[in-house]
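Input: a single structure, listed below in C-alpha cells.
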4 protein chains.
Amino acid sequence: MSFNTFGHMFRVTTFGESHGIAIGCVVDGCPPLLPLTNEDIQRDLDRRRPGQSRFTTQNTDQRSKDYSDIKDKFRPGHADFTYEAKYGLRDYRGGGRSSARETASRVAAGAIARKIVPGVNVRGALVQMGPHKIDRDKWDWDEIARNPFFCPDKDKAAFFEGYLDGIRKKGSSIGAVIEIVAEGVPAGLGAPIYAKLDGELAAALMSINAVKGVEIGAGFGAAELSGEENADEMRMGNQGVSFLSNHAGGILGGISTGQPVVARFAVKPTSSILSPRRTVDRKGADTDILTKGRHDPCVGIRAVPVGEAMMACVLADHFLRHRGQVG
Amino acid sequence: MSFNTFGHMFRVTTFGESHGIAIGCVVDGCPPLLPLTNEDIQRDLDRRRPGQSRFTTQNTDQRSKDYSDIKDKFRPGHADFTYEAKYGLRDYRGGGRSSARETASRVAAGAIARKIVPGVNVRGALVQMGPHKIDRDKWDWDEIARNPFFCPDKDKAAFFEGYLDGIRKKGSSIGAVIEIVAEGVPAGLGAPIYAKLDGELAAALMSINAVKGVEIGAGFGAAELSGEENADEMRMGNQGVSFLSNHAGGILGGISTGQPVVARFAVKPTSSILSPRRTVDRKGADTDILTKGRHDPCVGIRAVPVGEAMMACVLADHFLRHRGQVG
Amino acid sequence: MSFNTFGHMFRVTTFGESHGIAIGCVVDGCPPLLPLTNEDIQRDLDRRRPGQSRFTTQNTDQRSKDYSDIKDKFRPGHADFTYEAKYGLRDYRGGGRSSARETASRVAAGAIARKIVPGVNVRGALVQMGPHKIDRDKWDWDEIARNPFFCPDKDKAAFFEGYLDGIRKKGSSIGAVIEIVAEGVPAGLGAPIYAKLDGELAAALMSINAVKGVEIGAGFGAAELSGEENADEMRMGNQGVSFLSNHAGGILGGISTGQPVVARFAVKPTSSILSPRRTVDRKGADTDILTKGRHDPCVGIRAVPVGEAMMACVLADHFLRHRGQVG
Amino acid sequence: MSFNTFGHMFRVTTFGESHGIAIGCVVDGCPPLLPLTNEDIQRDLDRRRPGQSRFTTQNTDQRSKDYSDIKDKFRPGHADFTYEAKYGLRDYRGGGRSSARETASRVAAGAIARKIVPGVNVRGALVQMGPHKIDRDKWDWDEIARNPFFCPDKDKAAFFEGYLDGIRKKGSSIGAVIEIVAEGVPAGLGAPIYAKLDGELAAALMSINAVKGVEIGAGFGAAELSGEENADEMRMGNQGVSFLSNHAGGILGGISTGQPVVARFAVKPTSSILSPRRTVDRKGADTDILTKGRHDPCVGIRAVPVGEAMMACVLADHFLRHRGQVG
C-alpha cells in the first residue's frame, strides 16, 4: 500500500527530496548478525555517483542554479506536470521525490541485499545506446569498470565515447537499454501467481526513473519465436539439471530455475535538453521551454548500479520469503 | 506479502487449481452500492473462454487425457520444473496454480474494476504474432470482435488465419505481443516512487502466464529516441492541456497524464508442442518429451481479455488510493 | 490494507455473508506438503457449531424468520447502525459481513494453522460469565469438553447451567471472558516494535465479534502490581531457562519467551434481547425495538474455538516470518 | 509484513536505537498541502519528554552509565531475554529497538496525524496508578496539564504525588492504566472484519512498550453486563442520532458510531528496580540482578502522549482509507 516502501520481508523505505537537507532509507527485515561495513555500501554508492565523467554531470551547483526560466512552465516528458496534477504543487528545481537523487538510497539498500542470498552475484551492463547495440560475442564483464558507460563491449564503448560527445555538445539526449544478470540464484525463489519473481522484478525495475520497458530472458524477442526455439532443453550435468539455453532468463512460471536471472530495461532520454520545445505554463498559456545548464546526455548510464540494486533487493526479499514458507 | 493476492485498496485474491473442483476470486475494497450484474462479469468471461475458434482449444477433455507420457518428465519451457523445485510436488496434468485457468478469476475481477473509475474504457488488441506486426495505420477497434485474434488490422487478421493454421497443423506454437489501451484515465493516478502506476502495471501484466516483457508507451523504442523526439509537447486545447504525441504512454514520473494509458506485453509460445525436445525426468535421467493432444498454437490470443482485466484492476486500485490520499 | 484478510505470511481471506449462498476462506502462504485431512478441519468446526446445546442457538430457521419488525430500525449495541453509516446499506436480517457466521471460516483456517508450528497446542476456556469468575485452582482442561460452556472449572460449569438458563428464559443476555493458552511456542516469535506478537494477537482477538477488550498474561492486573511482583524471575532448569511465574503471558518486548502464551478477551452481551429498548428508525424517528426469536444468551461461549483459531493463525504467521528472517 | 512500520494508507516507519546516533520516522501517505509547522510536532514531543518531573527521569547521562553489572545478565520482565533469543544479540544498555526512546518518533508522527481528520481532538489521561483509580466524577481535562501525571482528577493527582514518591524512594515501580479519548470522529471509520477500528487500535496501543491490555468503551467490564445494560440506546437529537450512553466506546461492529472513541490500556511496572531478583546469565548460570541508576517509578505516565499519538495515527489511517473506498 505504501507509496515510499518496496519489498515485503526485506523492505526498503526511502525519504528525502532532491533539494532537501538529507536523503536516506530505512531497511527492514534484515537477518540478524549480517556482516556489514560502511565500505560495503560506499563501494556501490561510488559506482552510481554522478560527476565521474563528462557524461554524468555533477550535482554540486544545483542549489545556485537559476530556475526562473522554468519555474512556471511544464517540461515536456518530465514528471512536473503530473506531480502538480496530483498534489497541487511541484518542485521545479529538482523534481522533489521524483528526483534521481532518490536512487542513491536504493543503491545503499542494494548493498545490504547483496549479502543476504548466499553466493549470489548481481552485475549490470549497458547493452544499447540509441539504436546502437553491443556485440554480445564481445561481452567481457571486466570491461564494465574500464569505461564510463558500464559497457561490456570494448569496441562499442570506444564508439559510444564519440557518439555521446556529439549528443552532449548539441544539448540533446539519448535513450539506452540496461541488462542486469544475477548468477548464483537458487532454484525455487518466487511464486506461481502474484508473487512471481519476474512480476516483482518488473515492478522494481520499472520504478527506476525514466524506465519505459522491462523484459526477462528472451523478452519481447520471445514473441517472434516458435515453441521449439523458445523452450530451454534440459540435460543432466555434473551438478544437477543443466539447461542448454536460457530464453527463460532464469525464471519459469514465476519461479527461479537456478540459471542466471537476466532482466533488461529501457531508459528513455532525459527531457532536459537545449532545443526549445512547445509546452504550456501554470496559467494555461502556450509557451516554449528549453533547459539550460546541467545535462545528462544519457541518464541510462547511471541506471546500471541502480538496476543492480533493485535486482539484489528483489532477490533478497524472495529468498527470505521462500525460507519462511518452505523452510 | 501475499502470494495469491494483488492490489492494495482494490484487492483480488484468487483460488483453485487447474484440475480442482472450483476456481474463483475474492474481490475486496469495492466501493459500496456499485451497480453490478452477472452479465457484466459474464460478458468478459465469454471473451476469454477457450474453444471459440480452432485457435483456442477446448478444455472439456482435460480430465480424461492420458498423462502417463509426461507425468515423470519436465517439459522444457514449462513451470513444472520450478514448481517441483520450490514445493517438492507439481501437478503434471495442468500446472496446479500455474494453470492459465486461473486467469478466468482475473477477468471476473476486472469486470468489477471497470466500473470503479468513472468514464474509463479499457480495450486490448493483438498487435504482433511471431515476427508479423500489424499495420497501425489500419487500426480499427471494431475489427477486434470480428476475428478470432483480437486483431485490429483486418488485413493482418486475414493473414494470421492461414499463418496460425500452418503452425497449428505441424503441432508448433508461436509468440505474440498484446497492447492494452485505457482511455478516460484522469491525470494524477499513481505516485512518484514505489507506487508508480507503470511499476504496478508492469507487475500486473508480467504476472500473466507466459509474459516475458512489458513496456509503456514508446517502451523499448524509447531507448532509440533522442530527447527531442521522445518528449511529448503540450499545447492548450479546448479541454485543458493537450499533448501532441504520447510516447509516454499516458504516464510521466509514475503518474497518469490524462492521455490514454498504453501498455504492451510479450507472450512467449507455449511449450506444449508435438516435436520431441530433450529433457530430464524426476529420477534425473536424460529423456525426450513431446506433448500430445490439445495445443494452443498462440496462447497470446487469450491473453488479450486478461491483460484488459489486469489494467482495469490496477487503475481501480490507484483511483481509490488517490481518492484516499488526495480527496 | 485489506479489509477482509488477516495475517502476513500465513494469510487468511474470508468471504460470504450471513444470508448469502456460501461462506469460505482462502488460506495463503502455507508451507507445502503439510499433512491435512478434512477431519482436521471438521473437528474444529464442530466445536464452534451452534445448536449443540440450548445455550447456542440453531441457525436452521434463519431464512424463514420474519424481520419486518426490525428492518427499518437500528438495534442498540448492534453493528447495523454503523454498517449503514459507512456503506449506505445494511443486512438487517443477519449483519452481512458482520455476522458471527463468518467466524466459521476463521476456525477452518485455524485448523490448518495449528499444523504449522511444530509441537504447539492451542486451547481455550471460558473463565468468567457475567460477574462470576471460575476458581483457577480447579482448572481442569479435560472439563472443557464435558460442559456446554468450555468451562475448565467443573463446579462453576454446574452453576452456569442454572445461571444462564435464568438469563435465557427472560430473553436477556450476558457477557463473558475467554482465555486462550498456547503451549509449546518456541522463544523468539514476534518483533520489538510493530510486529509484536502481543500486538498482532490483540488485533486478531479484538476482530472477533463482540470483543471489547484483550489482555496478555497479567493484563490489566499488571497495572496494580509493583515491579517486584510483576517481573517473572528466572532459574536454569533441565531444559534451559525456567521462569518462576508467567505474568508476562509468554511475551516480553513483543517476542515469545518460550513460556505458554496466555491471552484473554472480553465478550459483550449480545444486543438481541426481548426487552424493548429505545432507538431510532431509518427515517430518523424515535421508536422502540425488541428482538424476537433466536437468542444466544451468552455469545462468548461460541467465541472459545474462534479465539483458539485466531491464536493459532497469529502463531503460524509469526513462525513463518521468524523462519524467513532468522532462518 | 513490516516489522518497523505501522498503518496502511497513513504509514509510519521508525528507525534508530536507544544508544544510536539518531532516531526518527518516515511518514508516508499524507495528504498533500497539509499545513504543518515544526511547532506542531515540538508541542507533542515536549509533552512526552522525560525529565520534566522527578517521576520521569532524564536520559542525559545514559551514555556514561556503567552497565558492567547487567551486561551478561537477563533482567526479569525485560525484553533483553527474548531479544537475544530471537536475534542472537541484544543491547544491554538500552534495549536497542525495544527502547522507549523509539516512542518519540510515534509522537512526532501523531502530531501530523492529528491534522488529517477534520475536527478530531485526541486527548489522554492517566486513570489508575497501582490499585488507585481516579474518581470519574471529578474528571477535568484542564487538570491534565497541571500535574506531572496527566491525571484529570485533581485530588487523586495530589495523592499520587506522595504515593509515587514512596515507590520511587525505595527503588520500586508500579503499573498504571491510561485512557485515550478521541472526540469529533465521524461515523463510518473502520470495517466489519479485519480492518476493524478497534482491532487496529488494539494493535497500535498494545505495541507501546510495557502495555499488557487494551479495552474499548466498557471493555472488560462489558463481560459483567446484561444486554439491557450494555446496549447504548438511541434518540434523535438536534444534530442527528444521539446515544444515551457510550458502553461501545464509539465503535460498533468495528466501525465508528460518531460518539467519542474511548480506549484504555494497562502499562506494567518497569522491571528496572533496586531490589535484587533471581535470574540467569548468558552462560546459563543462576545469578541475581538489580538495576542501579535511573528509575522511572511509573512508566505509564509517559505513555499518555504516546497513546494519544497512536490513536491519532489509527484514526488518520482509517479516515484516508474510508475516503478511498467510499468517497
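Here is the naming used below: chain letters follow the sequence lines, and residue numbers restart at 1 for every chain.
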### Heavy-atom pair count under 4.5 Å with chain A, highest-scoring of B:K268, B:R97, B:H78
B:R97
#### Entry: Side chains of A:K212 and B:F220 in contact at under 4.5 Å (non-hydrogen atoms)
no
### Query
When rounded to the nearest 0.5 angstrom, what is the spacing between CZ in B:R277 and CG in A:L244?
9.5 Å
### Query
Closest approach of A:T257 and B:F81, non-hydrogen atoms and distance?
O-CE2, 3.6 Å
### Message
Can you give me the closest heavy-atom contact between A:S207 and B:I193, atom names plus distance?
### Response
CB-O, 3.7 Å
### Message
Restricting to non-hydrogen atoms, name the atom on B:V280 and the atom on A:V241 that form the minimum distance, rounded to 0.1 Å.
### Response
CG2-CG2, 3.8 Å
#### Entry: B:F3 and A:Y194 aromatic centres sub-6.0 Å
no
### Query
Tell me, side chain or backbone of B:A285 under 4.5 Å from chain A's heavy atoms, or both, or neither?
backbone
## Note on the structure
Comparing A:P192, A:P131, A:A79 against chain B, the one with the most heavy-atom pairs below 4.5 Å turns out to be A:P192
### Query
Rounded to the nearest 0.5 Å, how far does CD of B:Q128 lie from CD of A:E224?
5.0 Å
#### Entry: Residue among B:T14, B:V177, B:I216, B:V326 with most heavy-atom pairs under 4.5 Å to chain A
B:I216
### Summary
When rounded to the nearest 0.5 Å, the distance separating NE2 of B:H247 from OG of A:S271 is 13.5 Å
### Task
Under 4.5 Å, counting heavy-atom pairs only, tell me which of B:Q325, B:M129, B:E200 racks up the most with chain A.
B:Q325
### Query
For B:A218, is it the side chain, the backbone, both or neither that has a heavy atom under 4.5 Å from a heavy atom of chain A?
neither
### Query
For the side chain of B:T82 and the backbone of A:L252, is there at least one donor-acceptor N/O pair under 3.5 Å apart?
yes
### Query
By a 4.5 Å heavy-atom criterion (distance strictly below it), what part of B:E84 contacts chain A: side chain, backbone, both, or neither?
neither
#### Entry: Distance-minimising heavy-atom pair for A:A266 and B:A223
CB-CB, 4.4 Å
### Task
Between chain B and each of A:V12, A:D80, A:D198, count heavy-atom pairs under 4.5 Å; write down the option with the most.
A:D198
### Message
Using a strict threshold of under 4.0 Å (side-chain N to carboxylate O), is an ion pair present between B:R235 and A:D288?
### Response
yes
### Query
Which value, rounded to the nearest 0.5 Å, describes the distance between A:M236 atom CE and B:T287 atom OG1?
12.5 Å
#### Entry: N/O donor-acceptor pair under 3.5 Å between A:K86 side chain and B:G190 backbone
yes
### Query
What are the two closest non-hydrogen atoms of B:I174 and A:L225, and how far apart are they?
CD1-O, 3.3 Å
### Summary
Honestly, the part of B:Y87 sitting under 4.5 Å from a heavy atom of chain A is side chain
### Query
Looking only at heavy atoms, what is the nearest atom pair of B:A85 and A:A187, with distance?
CB-CB, 4.1 Å
### Under 4.5 Å from a heavy atom of chain B, the part of A:S256 involved
backbone
### Task
Under 4.5 Å, counting heavy-atom pairs only, tell me which of A:R75, A:H132, A:E229, A:E102 racks up the most with chain B.
A:E102
### Message
Treating B:K196 as the side-chain partner and A:M206 as the backbone partner, does any N or O pair qualify as donor plus acceptor under 3.5 Å?
### Response
no
### Task
Assess the side chains of B:E228 and A:S172: does a donor N or O sit below 3.5 Å from an acceptor N or O?
yes
### Task
Determine the option with the most heavy-atom pairs under 4.5 angstrom with chain B, choosing from A:P76, A:G253, A:S98.
A:P76
### Query
Looking at A:V214, A:L205, A:T5, which has the largest count of heavy-atom pairs under 4.5 Å with chain B?
A:V214
### Query
How many angstroms lie between CD1 in A:I289 and CD in B:E233, if you round to the nearest 0.5 Å?
11.5 Å
## Note on the structure
If one checks every heavy atom of B:F265 against chain A at 4.5 Å, the contacting part turns out to be backbone
#### Entry: Options A:S226, A:P297, A:A191, A:A203, ranked by heavy-atom pairs under 4.5 Å with chain B, top entry
A:S226
